[in-house]
Amino acid sequence: MASIQENHTWSGRFNEPVSELVKRYTASVGFDHKLAMFDISGSRAHAQMLAECGIIAEQDLDDIRRGLSLIDAEITAGEFVWSQDLEDVHLNIEKRLTALVGDAGKRLHTGRSRNDQVATDVRLYLRSAIDDLLVLIKLLQHSFIDLAEQHTHTIMPGFTHLQVAQPISFAHHLMAYVEMLARDAERLGDCRKRVNRLPLGAAALAGTSYPIDRERVAELLGFDSVCENSLDAVSDRDFAIEFTACAALIMTHLSRCSEELILWMSPMVGFIDIADRFCTGSSIMPQKKNPDVPELVRGKTGRINGHLVALLTLMKGQPLAYNKDNQEDKEPLFDTVDTLTQTLRIYAEMITGIAVKPEAMRRAALQGYATATDLADYLAKKGLPFRDAHEAVALAVRFAEQKGVDLADISLAELKNFSPLIEDDIYQVLSLEGSLASRNHIGGTAPNQVIAAIARARSRLEK
Ligand code: ARG
């Protein structure tokens with residue numbers, strides 16, 4: 001009996017065609033065609049294994065390979081015709097394969113289901129995305145490091161509560177982001193281990209009765225191992241959730257940096273200027289130059305966080321094994337990869353194009369009594385208990401504030417009123433340079449330490 005509709009891959013037992021509305025609702029080809037090349041790779045490996053295990057004939061394998069190469073070329077040339085009637089990327093390719101090579105095309109699906117097929121495709125896609133993203137993270141780290149290298153002696157205020165806290169170098173501040181990105185890369189690399197396992201062979205949910213060789217398919221596709229439970233293999237998307245969590249953290253780090261860039265570029269602060277090509281003007285206020293790129297990065301972070309919540313919510317109510325819900329994993333995942341890729345790429349360029357204004361940074365560092373802690377440490381080192389030192393310095397700061405001067409502008413005689421322990425070596429301690437130089441241990445802001453940190457970061461990147 002002829003099947004009642006075009007999509008006769010599964011419509012044999014149906015009495016009426018699927019409604020147009022439902023077709024549109026359930027079709028995923030509009031977005032999962034993005035998996036096409038991975039679907040073809042998976043099919044090539046599966047077919048090769050089937051032939052090696054004697055499940056299909058060598059001739060079938062040859063035909064399948066020939067057909068898949070033609071399809072590959074059609075897709076690359078933009079000539080492949082995607083049909084919504086054929087639901088998804090898998091059925092579109094299979095149908096075309098059969099049209100091109102006949103029965104061999106129909107044999108390709110032996111011992112396989114779209115359930116293990118799609119799980120494999122998504123893992124291949126994500127593995128490749130992770131590898132690209134790792135390169136981009138390195139690129140961005142290089143941008144930060146290159147800028148930092150020029151500013152190991154550029155002094156700016158370090159903040160807590162956005163109040164001037166202690167002087168730091170601009171390089172030290174930038175290197176904080178290099179550290180964050182190093183952990184981000186580490187996390188992605190770790191996630192990759194769990195992505196890189198093969199679901200194929202799980203078939204619909206329980207495995208297959210054909211004498212397949214899953215290890216062989218894993219080897220052909222570069223997977224580290226096979227997923228050990230067929231139900232788990234077809235149904236869990238934890239690897240995609242984990243990836244999106246990694247992405248959300250990267251975006252969060254870049255969002256924090258963006259917030260700072262925006263603040264630093266405000267004329268009220270004026271620490272930096274972002275190159276014109278990363279900014280836009282205002283249609284009404286001619287004087288404006290807006291830091292649109294960092295603002296959008298900050299905004300798009302919300303979007304990635306949303307994708308993470310979407311994927312978590314998608315999984316949470318699903319019984320084993322595969323459910324169609326999982327088709328909804330793709331758009332959030334694809335958008336996460338695309339958004340993150342674009343963000344990292346543009347960020348690496350933007351950081352390179354930052355003009356630094358060291359005078360403004362220095363002026364700000366001189367304003368908020370940033371070396372008060374140095375004075376307290378000086379007294380404590382001379383034997384005054386730190387709490388008492390803290391109190392003495394607080395009084396000195398109050399005095400300086402009333403006079404409208406910096407601590408370093410107070411005469412020695414006046415300083416001695418706050419503690420007789422103060423000698424004239426205090427002026428070196430109170431200087432911004434002295435303050436930086438004194439924080440001379442690993443992780444500190446002393447220029448020699450930051451120079452060493454930069455060297456370590458560079459050699460880490462070369463590995
Ligand atoms: N398009 C589907 C997805 O993305 C492929 C798997 C469909 N399997 C099924 N039994 N309907 O999840």
Side-chain angles (χ1 to χ4, degrees), residues 3 5-14 17-19 21-43 46 71 75 80 82-98 106 108-129 195 197-208 217 227 230-241 243-244 307 310-338:
S3 62
Q5 68 180 87
E6 205 192 340
N7 186 354
H8 48 71
T9 38
W10 50 254
S11 60
R13 67 175 291 271
F14 281 54
V18 170
S19 103
L21 220 53
V22 172
K23 254 194 220 168
R24 250 180 287 144
Y25 194 68
T26 56
S28 56
V29 68
F31 47 87
D32 69 12
H33 64 85
K34 204 175 185 124
L35 296 172
M37 290 307 169
F38 303 102
D39 197 68
I40 290 174
S41 306
S43 290
H46 178 68
I71 292 171
I75 294 172
F80 191 92
W82 300 102
S83 155
Q84 212 178 49
D85 284 337
L86 293 170
E87 212 178 308
D88 57 24
V89 61
H90 323 291
L91 297 182
N92 267 270
I93 291 178
E94 193 185 319
K95 175 93 176 182
R96 179 73 185 134
L97 181 67
T98 304
K106 297 185 194 164
L108 171 61
H109 213 53
T110 312
R112 182 176 84 169
S113 151
R114 274 187 295 155
N115 297 352
D116 57 346
Q117 186 178 357
V118 71
T120 303
D121 291 3
V122 174
R123 284 171 184 264
L124 287 172
Y125 160 83
L126 200 49
R127 183 180 73 187
S128 144
V195 169
R197 291 175 193 163
L198 175 78
L200 266 184
L205 76 162
T208 173
V217 180
C227 299
S230 61
L231 300 168
D232 176 45
V234 290
S235 64
D236 206 347
R237 297 292 183 265
D238 60 351
F239 63 91
I241 296 173
F243 168 80
T244 309
H307 292 330
L311 290 177
L312 282 166
T313 312
L314 174 69
M315 265 338 291
K316 74 175 276 292
Q318 286 193 52
L320 298 187
Y322 177 86
N323 301 280
K324 188 80 163 183
D325 311 41
N326 280 340
Q327 182 165 290
E328 286 290 308
D329 65 352
K330 287 167 203 65
E331 285 163 295
L333 188 61
F334 294 165
D335 188 68
T336 299
V337 169
D338 292 345

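Atoms within a ligand are numbered from 1 in the order they appear, just like the ligands themselves. These values consider heavy atoms only, across backbone and side chains, with no hydrogens, waters or symmetry-generated copies.
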**Report entry** Protein heavy atom at shortest distance from atom 10 (N) of ligand 1
**Finding:** N115 OD1, 3.1 Å

Query raised in the report: In the protein, which heavy atom is nearest to atom 3 (C) of ligand 1, and how far is it?
Result: Y322 OH, 3.3 Å

**Report entry** D338 and K34 ion-paired at < 4.0 Å
**Finding:** yes

**Report entry** Where ligand 1 meets S28 - atom numbers and elements under 4.0 angstrom, heavy-atom basis
**Finding:** 1 (N)

Requested in this report: Please examine the side chains of L333 and R237, heavy atoms only from C-beta on, and report whether any two atoms are closer than 4.5 Å.
Outcome: no

Query raised in the report: Within a strict 4.5 Å, meaning less than it, do heavy atoms of the D329 and L314 side chains meet?
Result: yes

Query raised in the report: Parallel, tilted or perpendicular for W82 and H33, by the 30°/60° rule?
Result: tilted

Query raised in the report: Would you say ligand 1 has an N or O under 3.5 Å from any N or O of Q327?
Result: yes

Query raised in the report: Is a donor on one side and an acceptor on the other found under 3.5 Å between the side chain of Q327 and the backbone of T26?
Result: yes

Report task. Answer yes or no: is there an ion pair linking R114 with E94, defined by an N-O contact shorter than 4.0 Å? Result -> no

Query raised in the report: To which protein heavy atom is atom 11 (N) of ligand 1 closest, and what is the distance rounded to 0.1 Å?
Result: R114 NH2, 3.7 Å

Query raised in the report: For ligand 1, which atoms, with element, lie under 4.0 Å from some heavy atom of K330?
Result: 3 (C), 4 (O), 12 (O)

Query - Close-contact set for ligand 1 against D88 heavy atoms, below 4.0 Å - result: 1 (N), 2 (C), 5 (C)

